[in-house]
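Proteins get letters first, then strands, A, B, ... in listed order; numbering begins at 1 in each.
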Number of protein chains: 2
Amino acid sequence: MDIKQLDKKTELKQRIFFALSDPGRYKIVCMLYSVGHEMGCNELNQHVEIDKSTMSYHLRTLREIGITSTRTQGRQKYVSLNKDWIETLIPGLLSHL
Amino acid sequence: MDIKQLDKKTELKQRIFFALSDPGRYKIVCMLYSVGHEMGCNELNQHVEIDKSTMSYHLRTLREIGITSTRTQGRQKYVSLNKDWIETLIPGLLSHL
DNA sequence: TTTATAGTTTTATAATTATCAAACAATAGA
DNA sequence: TCTATTGTTTGATAATTATAAAACTATAAA
């Protein structure tokens, strides 16, 4: 593996740490991990008490980093955790949140 | 373990993530972990290229979170990584930086 | 077609954070 | 004592980030 990929990996790890340093995003990730399957944004909102636009903002951050993925069905959006991707970068992290 | 301690632990984890989300602090922690022993601030400065006052600022942040400890000897200060403490909170984290 | 629902984007604002120059404190050695 | 070294603190500034209201988009259902 060359140095550029190492730098890329390091940057991704730092972004994951950034994501998890915010209480709201931390809760979102924990919730998704503990339920073990995708959740509707609305459903998430019921468990994590934050304004819907703030929620949307955090979900976008998580999506852009690569931590979550989104699936649209009708007028609902389902958010899922990219467990394997995170696990590849920082093994064991999720299980110790 | 009661809920207050859980919250305290969660807060500490989030602070560790915050610390590691900054490139400078990430490098400091990696350096301390890889050398495996304490380092003088000056020595750290030679390896991690940041302004000395910025370095001091980051070292204070790390110290206040609990990630590092400092020992003064003469006019030198030695920084060491609180490996065990971090390992207790987030097992395996350091080895995957 | 109208209305309600689900979520995003825009805009504004407040708060936090990172950076570095300059001044400062403390100690070792000449 | 004087000076160089080691590091901290202060102050100013720029950049980033979090929050929420309001406007907006898109779809489902009445």
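In this structure, L44(B) and L59(B) have side chains that are in contact, with non-hydrogen atoms separated by less than 4.5 Å. Residues K13(A) and F17(A) have side chains in contact (heavy-atom distance under 4.5 Å, counting atoms from C-beta outward). No side-chain heavy atom of V79(A) sits under 4.5 Å from any side-chain heavy atom of L62(A). Counting heavy atoms from C-beta on, the side chains of T68(B) and I28(B) never come closer than 4.5 Å.
Identified under the side chain to side chain donor-acceptor pair (under 3.5 Å) test for residues 81-92 of chain A, with sequence neighbours left out: S69(A)-N82(A). Here side chain to side chain donor-acceptor pair (under 3.5 Å) pairs that include residues 25-45 of chain A, with residues two or more places apart or in two chains, are R25(A)-H58(A), E38(A)-R71(A).
If you measure from atom OH of Y78(A) to atom C1' of dG7(C), you get 13 Å, rounded to the nearest angstrom. Computed from coordinates, the I50(B) CD1 to dT19(C) C1' distance equals 10 Å when rounded to whole Å. Summarising the geometry, the separation between CD on E64(A) and P on dT8(C) is reported as 12 Å, rounded to the nearest angstrom.
Both L89(B) and L20(A) are assigned to one and the same hydrophobic cluster, defined by single-linkage of ILVMFWY side chains at heavy-atom distances under 4.5 Å.
Between the CD1 atom in I90(B) and the CG atom in L97(A) there is a gap of 8.0 Å [rounded to 0.5 Å]. Note that CD of Q14(A) is 7.5 Å distant from CD of E11(A), once rounded to the nearest 0.5 Å. With rounding to the nearest 0.5 Å, the separation of CG in L94(A) from SG in C30(A) is 8.5 Å.
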Enumerate donor-acceptor pairs with a distance under 3.5 Å from any side-chain N or O in residues 48-57 of chain A to protein atoms, sequence neighbours excluded.
from, atom 1, to, atom 2, distance (Å)
D51(A), OD1, S53(A), N, 2.9
D51(A), OD1, S53(A), OG, 2.8

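Taking a pair as Watson-Crick or G-U wobble with both distances under 3.5 Å, DNA chain C forms stems of 3 or more consecutive pairs at C:1-30 with D:1-30.
Shown here are the side chain to side chain contact (heavy atoms under 4.5 Å, CB included) partners of R60(B), two or more places apart in sequence or in another chain: R63(B), E64(B).
Non-hydrogen atoms lying under 4.0 Å from DNA chain D are contributed by C41(B), N42(B), all within residues 18-47 of chain B. Taken residue by residue, residues 51-62 of chain B places heavy atoms nearer than 4.0 Å to DNA chain D at K52(B), S53(B), S56(B), R60(B).
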task = Just do the side chain to side chain contact (heavy atoms under 4.5 Å, CB included) check on T72(A) and K77(A) with the steps written out, would you?
result = CA-CA 4 Å; T72(A) 305; K77(A) 288 203 174 173; 3.4 Å; yes

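First and last contacts of DNA chain D with chain A, using any nucleotide atom under 4.0 Å from a protein heavy atom and ordered 5' to 3', fall at dT17(D) to dA28(D).
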